[in-house]
Amino acid sequence: MKLTVANLKGGAGKTTTAVYLANALAMQGRTLLIDADPQGSALSWSETAGDFPLPVVAAPVKDLNRRVAQLAEGYLHVVIDTPPGELAITRSAMLAADTVLIPIPPSLMDLDRLRPTLELLADLEGLHSPQVVCLLTRVRKGTRSSRAAREVLLELGLNVMTAEVSLRESYANGFGLSLSKDLGEYADVLAELLPAHQTSQVAQP
Ligand SMILES: Nc1ncnc2c1ncn2[C@@H]1O[C@H](COP(=O)(O)OP(=O)(O)O)[C@@H](O)[C@H]1O
Ligand SMILES: [Mg+2]
């Protein structure tokens, strides 16, 4: 699986999602995490951890799609974390992916700021068509906001994962930790993502 985690808005949960899912995928097969954010948060997360279970490389470059084959050689899975606001890098990371996962907190402001990310994906039409899925993150369980956000996203014609990631201290405190023993709800996210990925691969000509 080549999974790009993208949302041009900052603070959407990209790095958290990329690191958790990369840890989860690393339990299934050789996985590489590519940090395409010039700020290097995923890389420093792994360096802080010390016993991080997979390699992380920094590649905040606009031609990532051309470099990824070489970087990913010998890996079963590649996860790419992307920066906020950097269209060219995010675009090339989308081109490199078979699956683009968009993490979105269920707030009106985050939904309102989704348009540039969707436009970037729309611009790829005809060139590359990865599977696109939205993941609600920082969800306050028992509030109406996640249901409302889900409805808005579905109305936009987007594919929204059934699994959701709650607003939890443990995720915010995950930075600098190796997560293989505590994947939290990201275990459910991966369980939903992998079969969908396999089906979409079979469906491709
Ligand atoms: N599910 C969650 N619950 C609580 N805090 C979270 C959760 N996901 C992310 N965070 C926190 O929210 C902030 C932004 O998340 P981050 O993954 O860095 O977003 P991005 O990479 O999109 O900028 C970070 O401080 C992170 O620790
Ligand atoms: Mg980030």
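Read the numbers this way: they start at 1 and go in the same order the structure lists the ligands and their atoms. All values below were derived from every heavy atom in this structure, side-chain atoms included, with hydrogens, water molecules and symmetry-related copies excluded. We count residues from 1, following the sequence as given.
- At the top of the distance list for atom 9 (C) of ligand 1, counting protein heavy atoms only, stands Thr16 OG1, 3.3 Å.
- Put simply, atom 25 (O) of ligand 1 has no protein non-hydrogen atoms near it, under 4.0 Å away.
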Run Leu25 and Leu194 through side-chain contact (heavy atoms from CB on, under 4.5 Å) and show every step you take. CA-CA 9 Å; Leu25 283 166; Leu194 274 178; 4.2 Å; yes
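- Between Gln131 and Asp98, the closest side-chain pair of non-hydrogen atoms is not below 4.5 Å.
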N/O donor-acceptor pairs under 3.5 Å from side chains in residues 167-175, not counting sequence neighbours:
residue	atom	partner	partner atom	Å
Glu169	OE1	Asn173	ND2	3.4
Tyr171	OH	Glu185	N	2.9
Tyr171	OH	Glu185	OE1	2.7
Asn173	ND2	Glu169	O	3.4

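- Look at Ser166 and you'll find a heavy atom under 4.0 Å from some atom of ligand 1.
- Counting non-hydrogen atoms of neighbouring residues, nucleotides and ligands closer than 6.0 angstrom, the CG atom of Leu108 reaches no more than 12 such neighbours.
- Heavy atoms of Pro84 found under 4.0 angstrom from ligand 1: none, in either backbone or side chain.
- The contact set between ligand 1 and Val165, taken as ligand atoms under 4.0 Å from a residue heavy atom, comprises 1 (N).
- Put simply, the side chain of Ser46 never gets that close to the backbone of Phe52: no donor and acceptor are under 3.5 Å apart.
- For the ligand labelled ligand 1, residue Thr137 lies outside the 4.0 Å heavy-atom shell.
- When hydrogens are left out, the protein atom nearest atom 19 (O) of ligand 1 is Gly13 N, 3.0 Å; that is the closest non-hydrogen contact.
- His128 contributes a side-chain N or O that, together with a main-chain N or O of Ala97, makes up a donor-acceptor pair within less than 3.5 Å.
- Regarding atom 4 (C) of ligand 1, its nearest protein heavy-atom neighbour is Arg168 O, 3.1 Å.
- Contact record, Ser166 with Lys141: OG-CE, 3.4 Å, taken as the closest heavy-atom pair.
- Taking any N or O of Ala12, backbone or side chain, at least one lies under 3.5 Å from an N or O belonging to ligand 1.
- Some N or O of Lys14 is nearer than 3.5 Å to an N or O of ligand 1, by distance alone.
- For atom 11 (C) of ligand 1, the nearest non-hydrogen atom from the set Arg138, Glu164, Glu169 belongs to Arg138.
- Each of Leu54, Val56, Val57 was scored for a side chain to side chain contact (heavy atoms under 4.5 Å, CB included) with Leu32, with one residue passing: Val57.
- Between Asp35 and Ala42, the shortest heavy-atom contact is OD2-N, 3.1 Å.
- Closest approach of Ile104 and Leu114 over heavy atoms only: CD1-CD2, 3.7 Å.
- The nearest N, O or S atom of Gln39 is not closer to the Mg ion (ligand 2) than 2.8 Å.
- In terms of protein heavy atoms, atom 18 (O) of ligand 1 is closest to Thr15 CB, 4.1 Å.
- Counting only heavy atoms of the protein, atom 27 (O) of ligand 1 lies nearest to Ala172 CA, 3.4 Å.
- Counting only heavy atoms of the protein, atom 23 (O) of ligand 1 lies nearest to Gly11 N, 2.8 Å.
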